[in-house]
Amino acid sequence: MRRTPRRPSLLLLPLVLLWTQAHAGVQLVVEGVADPLKSAVIAGTGLAQYASRQVSEAQVRRLYGRAPEQAKSALEPYGYYDATVTGDLQQVGQDWRMTLHVTPGEPVQVTAVDVQLDPAAADIAPIRRAKRAIERLQGKPLNHGSYDAARDALGAQLTANGFLDARLLTHRVEVTRADRSARIRLAWQAGPRYRYGKVRFEGSQFNDGFLDRYVPFKSGDYFSQGQLLQLQQALNGADYFAVVNVLPDVDEAKAGVVDIDVQLAPAKRTVYTGGPFIGTDTGLGLRGGIERRWVNRRGHKWKNELVVAQRLKTLSTLYSIPMPGDNQRSFNVGANYRDANTDTSQSRTLELVANESRLWHGWTRTLGLHALDGTFTVGKIGNEPDNTPGIEHGRSTEVFAEASLSRKQADNFDFVHQGWSVNLTARSTAGSLLSDARFSQLTADAKWIHAFGANQRNRLILRGSAGHTWTDDFTALPPLLRFFAGGDRSVRGYGYQTIGPLNSEGRVIGGESLLVASTEVEHYFTRNWGMAAFVDAGNAFSGVDYRAKIGAGLGVRWRSPVGMIRLDLGTPIHDSQAHGVELHLVIGPDL
C-alpha cells in the first residue's frame with residue numbers, strides 16, 4: 001500500500017514567518033522627570049510587562065500611540081494637569097526602544113480648602129489635628145495621594161473617638177486648569193458620639209470581676225479605639241491568655257451605647273523553661289524555670305528560676321497577688337539566693353523581698369522592703385588564697401526600703417527603630433535599724449534608640465548609667481550595693497566589674513558613685529545581619545576623683561530566631577595599665 005508523504009515544512013511555514021516578525025521586548029526610557037514622577041509614568045503606561053515578552057511590530061506601535069496620553073494621566077495625581085509628552089520609537093536589533101520626553105509644566109496649587117465638621121467633633125484634639133492637616137494642604141501643589149491620606153486620617157479619627165455613624169457627605173477636588181488652581185471641599189456628618197456600655201468577658205478562667213482591673217475605662221465614658229487597644233495589650237501582657245480579641249458590638253449598639261465583647265482562651269497554665277546560655281559576664285551556664293501563670297481563680301502567680309553558670313548561681317522564687325483596680329496593682333513576696341564570682345569580688349547572699357507594684361502616670365512604680373544577708377570578698381583575683389594582702393572580707397546584714405520607677409516605649413520591642421527606657425531607683429536603711437551600715441543610694445539607667453537613613457538600616461544607640469551612695473561605713477556594704485564599671489553593659493574593652501576605686505594594695509574594691517555613658521552606631525546589611533561601632537566611657541569612684549576609662553571597638557549583630565545576639569570586640573583607649581582585646585557577648589532584647 002502506497003502512503004501519501006507528509007509535508008511538515010509547508011504546515012510550519014506560517015508559524016516560522018510569524019516568529020521572525022516577533023521581537024524580544026520593549027524598553028521604556030523616560031526623560032525630563034525624576035522619581036516619583038518618573039515611576040508614575042512608567043507604571044501608568046503599563047509597558048513594564050512587555051520588557052521581556054514577545055511583541056509584534058503592530059503591538060509596539062499601538063502601545064507607542066497610547067503612551068503619551070497615559071503618561072499625562074499618570075502625572076495628574078501629582079498635580080501636573082498641563083504636561084507635555086512626546087516620544088521616539090526605535091528598533092534596536094530584535095528589541096524596541098521607546099523614549100518619552102516629559103515636560104510636566106507648572107503644578108496645580110491648592111488655593112482653598114473647605115472642611116465642614118460638626119463643632120462637637122471638631123473640639124476633640126485628635127480630630128482637630130487631623131482637620132488641620134487637611135487645611136495645611138492649602139498653598140501647596142495638589143497631590144492626590146497626600147489628599148487621600150489626610151481625608152482618610154480624619155475619617156479614621158472620627159471612628160476612633162466614638163463617632164461610629166460618621167458619614168462623608170461631600171468629597172470633591174475641583175481643578176481649574178486655566179489658572180492651575182484646585183479647591184478641596186469636604187463635609188462630614190459626625191452623628192452622635194457613642195459611649196461604652198458593658199464589658200463582657202467570654203472564656204475567662206477567673207472569678208467574676210477579676211479582669212475588670214485591666215479595663216482602662218468605665219461604663220458611660222466616651223468610646224475610644226485607643227483604649228480598646230490598651231485593654232488588648234494589658235490582657236496580653238498579663239500572660240493569662242493564649243487568645244485575646246477585643247470586639248466592640250457595633251451592630252447591636254443602641255441609643256449611642258456600645259458594649260464590648262472580650263473573647264478569651266486560657267494559655268497553658270504551667271510553663272517549664274530551660275536551656276543553656278552564654279554571656280561573657282557570667283560564662284557558660286544552664287537556666288531552668290517553672291512558672292504557674294495562675295495559681296487560683298483570683299489570678300495569683302508563682303515563678304521559680306534556677307541559674308547555674310561559671311561565675312553566677314542563683315535560685316529565686318516570687319509569688320504575686322493581683323489587687324482590684326485599673327492600675328494593675330499587685331503585692332509580691334519572694335526570695336533570692338545569689339552566689340556571684342567576678343574578677344574583683346565574690347559574694348554569697350540571701351535576699352528577702354516584699355513590695356507593691358502598680359501603674360502610676362504611665363510608669364511602673366514599685367515600693368518595697370528588702371532584707372539582705374551574706375558574706376563577701378572584694379579585691380580577690382582568681383583563686384588567690386584568702387589571706388593574700390589586699391583582699392577584704394566581710395559579712396553584712398542590710399534591711400532597707402526601695403522605691404523604683406521604670407518605663408519603656410518602642411515601636412517594636414523585637415527590634416526597636418524608635419524607643420527608649422528609663423529606670424530610677426532609690427534605696428535607704430532606717431538609720432542603723434537591723435543593718436550593719438546605714439546607707440542611702442540613688443541609681444538611674446537610660447537608653448535611647450533612633451533608626452535613621454535609607455530604609456532605617458542604621459541605628460544610633462545612646463546609653464547612660466549614674467549612681468551615688470551615702471553611707472557611714474562603706475566597707476560593710478556587700479558588692480551588690482557597691483558600684484563597679486566594666487563589662488558587656490558598661491564599659492566594653494574591660495572585664496566585668498574590673499573598673500573602680502583601688503585600696504592601698506591596688507585592688508578594685510568598688511566605689512560610692514558611678515557614671516557611665518555609651519554611644520553606638522549600627523548598620524544592617526540585610527534584615528538580620530549588621531555591624532556596630534561603639535565608644536564607651538565611665539568609671540566607678542569615691543569622692544570627686546572621677547577619671548573616665550574609655551573603651552572602643554566593633555561588633556557583629558544578628559537578629560537570630562532566639563533574639564538579638566551582639567558580639568563585640570572592645571579595647572581600652574589611652575590606658576597604660578590595660579591592654580589587649582576583650583570579647584563581649586550579649587543575647588537579649590534591645591530594651
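For Glu520 and Lys447, the salt-bridge test fails: no basic side-chain N is under 4.0 Å from an acidic carboxylate O. With respect to Arg62 and Glu57, no salt bridge is recorded, no charged nitrogen being found less than 4.0 Å from a carboxylate O. In this structure, Arg180 does not pair ionically with Glu106, as no charged nitrogen and carboxylate oxygen lie closer than 4.0 Å. Under a 4.0 Å N-O distance rule, the pair Arg559/Asp590 does not qualify as a salt bridge. Using a 4.0 Å cut-off between charged nitrogen and carboxylate oxygen, Arg177 and Glu76 count as a salt-bridge pair.
Taking the side chain as every heavy atom from C-beta outward, Val33 and Lys38 approach each other to under 4.5 Å. Taking 4.5 Å as the limit, some side-chain heavy atom of Arg213 sits within range of a side-chain heavy atom of Pro322. Taking 4.5 Å as the limit, every side-chain heavy atom of Gln230 sits out of range of all side-chain heavy atoms of Leu228. Inter-residue side-chain proximity for Glu31 and Thr99 is flagged as met; some heavy-atom pair is nearer than 4.5 Å.
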Go through the steps for Glu291 and Asp239 under the test side chain to side chain contact (heavy atoms under 4.5 Å, CB included), then give the verdict. CA-CA 11 Å; Glu291 180 180 1; Asp239 205 28; 3.9 Å; yes
Set out, in order, the CA-CA distance, both residues' side-chain angles and the distance that settles side chain to side chain contact (heavy atoms under 4.5 Å, CB included) for Val491 and Val516, then state yes or no. CA-CA 7 Å; Val491 182; Val516 173; 4.2 Å; yes
CA sep, side-chain torsions, deciding dist, call: Asp179, Ser181, side chain to side chain donor-acceptor pair (under 3.5 Å): CA-CA 6 Å; Asp179 58 1; Ser181 66; 2.7 Å; yes
Working for side chain to side chain contact (heavy atoms under 4.5 Å, CB included), residues Leu264 and Leu211: CA-CA 11 Å; Leu264 304 167; Leu211 294 180; 3.5 Å; yes
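The backbone N or O of Pro36 sits nowhere less than 3.5 Å from a side-chain atom of Ser39 that would complete a donor-acceptor pair. Proximity of a side-chain donor or acceptor of Asp259 to a complementary backbone N or O of Asp249 within less than 3.5 Å is not detected. Arg457 places a side-chain N or O within 3.5 Å of a backbone atom of Phe525 that can act as its donor or acceptor partner. With hydrogens and angles disregarded, no donor-acceptor distance shorter than 3.5 Å links the side chain of Arg407 to the backbone of Val422. Judged by distance alone, the side chain of Arg97 and the main-chain N or O of Val29 form no donor-acceptor pair under 3.5 Å. In this structure, Arg66 contributes its side chain and Arg61 its backbone to no donor-acceptor pair below 3.5 Å. Side chain of Asn245 to backbone of Gln263: no donor-acceptor contact under 3.5 angstrom is found. The backbone N or O of Lys198 lies less than 3.5 Å from no partner atom in the side chain of Ser219, so there is not a single donor-acceptor pair. Under the 3.5 Å distance criterion, the side-chain polar atoms of Asn143 are matched with a main-chain donor or acceptor of Gly145. Between the side chain of Thr176 and the backbone N or O of Ala178 there is no donor-acceptor pair closer than 3.5 Å.
Arg463 pairs in a side chain to side chain donor-acceptor pair (under 3.5 Å) with only one of the listed residues (Ser490, Ser421, Ser518), which is Ser518. Checking Asn327, Leu229, Leu359, Leu231 one by one against Pro216, the side chain to side chain contact (heavy atoms under 4.5 Å, CB included) holds for a single residue, Leu231.
Closest approach of Ala40 and Tyr78 over heavy atoms only: CB-CE1, 3.5 Å. Shown here for Trp188 and Asp118, the closest heavy-atom pair between the two residues is O-OD1, 3.9 Å.
If you check the side chains of Gln227 and Tyr196, you find a donor sitting under 3.5 Å from an acceptor.
Around atom CZ of Arg167, no more than 12 heavy atoms belonging to other residues, nucleotides or ligands sit under 6.0 Å away. Within 6.0 Å of the CG atom in Asp208, the count of heavy atoms belonging to other residues, nucleotides or ligands does not exceed 12.
Legend: residues meeting side-chain hydrogen bond (donor to acceptor under 3.5 Å, both in side chains) with Asn458, ordered by chain and number and at least two apart, are His523. Among residues two or more places apart in sequence or in another chain, the salt bridge (charged side-chain N to carboxylate O under 4.0 Å, His left out) test is passed with Glu69 by Lys72.
In this structure, CG in Leu583 is found 5.5 Å from CG in Leu567, a value given to the nearest 0.5 Å. We find the CG-CD1 distance between Leu142 and Ile184 to be 6.5 Å, quoted to the nearest 0.5 Å. For the atom pair Asp221 CG and Arg195 CZ, the distance stands at 8.0 Å (nearest 0.5 Å). Between atom NZ of residue Lys408 and atom CG of residue Leu591 there is a gap of 6.5 Å, rounded to the nearest 0.5 Å.
Ring to ring, Phe206 and Tyr240 are close: their centroids are under 6.0 angstrom apart. Taking the six-membered ring where the residue is Trp, the centroids of Trp420 and Trp448 are separated by 6.0 Å or more. When ring centroids are compared, Phe415 and Tyr524 come within the 6.0 Å threshold.
Applying the side-chain hydrogen bond (donor to acceptor under 3.5 Å, both in side chains) test to pairs two or more places apart or on separate chains, those with a residue in residues 144-159 are Tyr81-His144, Asp148-Arg151, Gln157-Asn161.
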